[in-house]
Amino acid sequence: MAVHNADIAAVFQEIADLLALQDANPFRIRAYVNAARTIEGWPEELDLWVRRGHELEDIPGIGADLAGKIREILDTGGCAALQRLRRGFPAGITDLLRVPGLGPKRVRTLYRELHVETPEQLLRAARDGRIRELPGFGATSEKRILEAASAYVGREQRMPLAKAAAYAEALLAWLRGARGVRDAVIAGSYRRMRETVGDIDVLVSARHGGPVAERFVAYDEVDRVLAKGGTRASVVLKSGLQVDLRVVAPESYGAALVYFTGSKAHNIELRRMAQQRGLKINEYGVFRDGERIAGDTEASVYRTLELDWVPPELREDRGEIEAARRHALPELVELDDLRGDLHAHTTATDGRGTLEEMAAAARAAGLEYLAVTEHSKRVSMAHGLDAARLGKQIDAIDRLNDTLRGITLLKGIEVDILEDGALDLPDKVLARLDLVVGAVHSAFHLSRKQQTERILRAMDRPCFSILAHPTGRLLSEREPYDVDMERIVRHARQRGCFLELNAHPERLDLLDTHCRMARDEGVLVAVSSDAHAPADFGVLRYGIGQARRGWLEKGDVLNTRALRDLRKLLAGTMRG
DNA sequence: GCCGTTTTCGGCCCGACTGTTTTCAGTCG
């Protein structure tokens with residue numbers, strides 16, 4: 001069985017958790033946590049990375065010891081050090097560390113004194129009033145733990161960005177009405193456009209924090225207040241979303257924005273650099289010998305480190321700091337750069353807008369062309385098109401294009417890639433189209449090798465333009481299927497076809513690291529809405545966010561091309 | 001456990017809030 005980076009990261013995270021419960025050296029614990037994070041975000045499977053002759057020790061934060069453990073995990077699937085650590089604790093106790101308000105010290109006390117091993121047992125202990133008797137705990141702590149444990153037991157995962165954005169942006173508008181607010185933004189993973197957010201960080205620039213915090217906790221969607229001070233407050237909204245507020249003075253706003261935008265790894269790197277220069281960076285500014293030398297804007301903070309301003313989407317400590325130092329940051333693609341959309345459905349299959357309505361909505365969204373790409377017959381529950389119905393739609397689009405102004409419809413299909421890699425419609429039918437978008441909607445369980453080769457075979461058909469949602473994941477429902485994305489990216493370059501970044505908030509597929517692979521390999525990415533209704537073109541915003549996280553520039557995105565140029569590129573994929 | 005053009009030893013990011021303290025530990029971001 002193949003070992004994935006996520007598996008290795010999970011081993012290191014669990015080792016870190018167990019070491020923390022043992023009260024081990026905190027820096028040793030951090031080394032495991034850092035390694036887990038680095039490996040989780042590594043753009044290539046370490047299995048392959050090693051087989052291609054790379055040295056694990058070249059990965060930052062991986063030394064001789066961790067490299068040895070990675071090799072062990074790759075070879076055996078297990079890790080003896082983890083097995084040894086596990087013997088000291090009941091299985092699953094590390095889940096308790098995920099309960100907000102509990103850290104290693106308190107988990108250890110709860111286990112030693114009350115034999116609490118699971119969140120469910122924690123909940124019972126809190127309900128029975130046993131926790132308040134423990135040293136270092138009290139009635140208030142017990143009540144908090146009770147709330148946190150019940151929330152954890154019935155918890156929701158991280159919330160998709162688009163859903164969180166709706167709640168957060170409404171709150172932000174409310175907060176801007178507070179007295180003395182000069183500026184207010186949502187920082188954190190929202191600003192970095194991560195695909196999901198755990199909570200929302202709101203940053204406000206104001207001389208006095210009090211009135212802002214008052215208005216914050218008075219928001220009518222607040223379910224409960226977790227904390228409230230003069231510069232900081234936390235609430236949980238009725239939607240379950242936690243929101244943290246920080247208020248800083250205008251001269252500190254830029255430093256605070258850097259600090260609360262993160263990522264944590266990016267910030268740690270900035271501080272390390274600052275330290276080397278005898279500077280100190282915190283959320284209030286950049287200081288030399290106690291004197292503030294920067295901090296009112298983000299650019300001023302980066303400037304003290306001789307760095308260019310780094311767009312938030314890049315702040316993941318994946319090479320952006322080095323690029324900022326060399327003045328070599330990418331000029332990231334923007335929403336306005338999109339000239340068209342290459343994946344949409346209509347009422348002919350499972351969409352909720354007619355051809356005319358979808359065309360009008362796309363034009364209203366500022367697009368110049370829209371590819372209509374219905375499902376093919378295999379997807380029967382969406383009334384997928386057969387050859388005859390596709391023929392009728394082709395004729396309908398030709399007729400409509402004669403009357404449309406300001407937008408051009410392209411004739412396409414989202415054709416199913418069958419289990420053996422064949423396409424769901426004959427080549428000569430596909431050859432009538434402007435583009436063919438191929439997609440996997442079945443047999444998700446295939447082995448990595450089978451799944452990969454299935455897709456490569458499909459790409460090699462005479463008509464194949466774009467691989468839709470390449471990993472098949474659905475954020476709240478379905479893991480990605482097992483596929484070798486490097487082979488797919490390389491094959492796309494050799495074949496001359498393209499990859500889709502599906503902007504649907506539940507998909508956002510390609511992943512950011514895959515975008516970067518595509519860019520490095522010179523494969524163009526189509527940022528597509530997969531719109532099923534006229535209002536759906538709004539999701540392109542999230543697709544662009546993900547593309548930016550993947551370092552894509554305007555030139556790396558297929559549908560920034562003018563229609564003429566796009567047609568030429570698509571024609572090259574339609575050899576049938 | 002990692003790391004190094006001040007270092008192979010001795011550092012490792014840092015401040016706010018809370019509860020239970022009576023000067024601070026634990027947790028969080």
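Note that this is a predicted model, so its numbers are computed, not measured. Residue numbers start from 1 in every chain, and the chains themselves are labelled A, B, ... in the order their sequence lines are given, proteins ahead of strands. The basis for the numbers below is simple: all heavy atoms, side chains too, and nothing from hydrogens, waters or symmetry mates.
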Are [X] and [Y] ion-paired here, with the side-chain N under 4.0 Å from a carboxylate O?
X      : Y      : value
A:R124 : A:E120 : no
A:E214 : A:K228 : yes
A:E316 : A:R192 : yes
A:R246 : A:D201 : no

On a whole-Å scale, what distance lies between the [atom1] atoms belonging to [N] and [M]?
N      : M      : atom1 : answer
B:dA16 : B:dC9  : P     : 37 Å
B:dC14 : B:dT8  : C1'   : 28 Å
B:dA25 : B:dT20 : C1'   : 9 Å
B:dT18 : B:dC12 : C1'   : 27 Å
B:dT27 : B:dT21 : P     : 15 Å
B:dC28 : B:dC13 : C1'   : 14 Å
B:dG1  : B:dT6  : C1'   : 23 Å

**Q.** A:K238, NZ atom: more than 12 neighbouring heavy atoms under 6.0 Å
**A.** yes
Using the side-chain heavy atoms of [X], tell me which of these nucleotides is nearest: [options].
X      : options               : answer
A:Y32  : B:dT27, B:dG29, B:dG1 : B:dG1
A:Q275 : B:dA16, B:dC14, B:dG1 : B:dC14
A:N282 : B:dG15, B:dC2, B:dC12 : B:dG15
A:R272 : B:dG1, B:dA16, B:dC12 : B:dC12
A:D199 : B:dC12, B:dG29, B:dG1 : B:dG29

To the nearest Å, how far apart are [X] [atom1] and [N] [atom2]?
X      : N      : atom1 : atom2 : value
A:L134 : B:dA25 : CG    : C1'   : 16 Å
A:R28  : B:dG11 : CZ    : C1'   : 17 Å
A:I70  : B:dG1  : CD1   : C1'   : 12 Å
A:I281 : B:dG15 : CD1   : P     : 12 Å
A:F27  : B:dC12 : CZ    : C1'   : 5 Å
A:I59  : B:dC3  : CD1   : C1'   : 16 Å
A:L110 : B:dT27 : CG    : P     : 10 Å
A:I268 : B:dC14 : CD1   : P     : 10 Å

Under 4.0 Å, heavy atoms only, any strand: does [X] hit a base, just the sugar-phosphate, or nothing?
X      : answer
A:P26  : nothing
A:I62  : sugar-phosphate
A:G262 : nothing
A:A64  : sugar-phosphate
A:T231 : sugar-phosphate
A:I29  : nothing
A:N34  : nothing
A:A187 : nothing

(Q) Looking at A:Y259 and B:dG29, is any side-chain donor or acceptor paired with a base atom of the opposite kind under 3.5 Å? (A)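 Counting by modelled atom types and ignoring angles, a donor-acceptor contact under 3.5 Å is found here.
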**Q.** Base B:dG29 paired with A:D201 side chain (donor-acceptor, <3.5 Å)
**A.** no
Look at the side-chain N and O atoms of [X] and state whether any lies under 4.0 Å from the OP1 or OP2 oxygen of [N].
X      : N      : answer
A:T140 : B:dT20 : yes
A:R271 : B:dC14 : no
A:K264 : B:dC14 : no
A:R144 : B:dG19 : yes
A:S141 : B:dT20 : yes
A:T109 : B:dG26 : no

Does some side-chain heavy atom of [Y] sit less than 4.5 Å from a side-chain heavy atom of [X]?
X      : Y      : value
A:L102 : A:L110 : yes
A:M273 : A:Q275 : no
A:M159 : A:L241 : yes

(Q) Nearest heavy atom decides the nucleotide; on that basis, is A:A227 or A:K69 closer to the 5' end of DNA chain B? (A) A:K69
Q. For DNA chain B, whose closest nucleotide is more 5', that of A:Q242 or that of A:R30?
A.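 Nearest nucleotide further toward 5': that of A:R30.
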Q: Tell me the partner of B:dT8, counting only Watson-Crick (N1-N3 plus N6-O4 or O6-N4) or G-U wobble (N1-O2 and O6-N3) with both under 3.5 Å; none if nothing fits.
A: none
Q. Which label fits B:dT21, syn or anti, where anti is any glycosidic angle not within 90° of 0?
A. anti
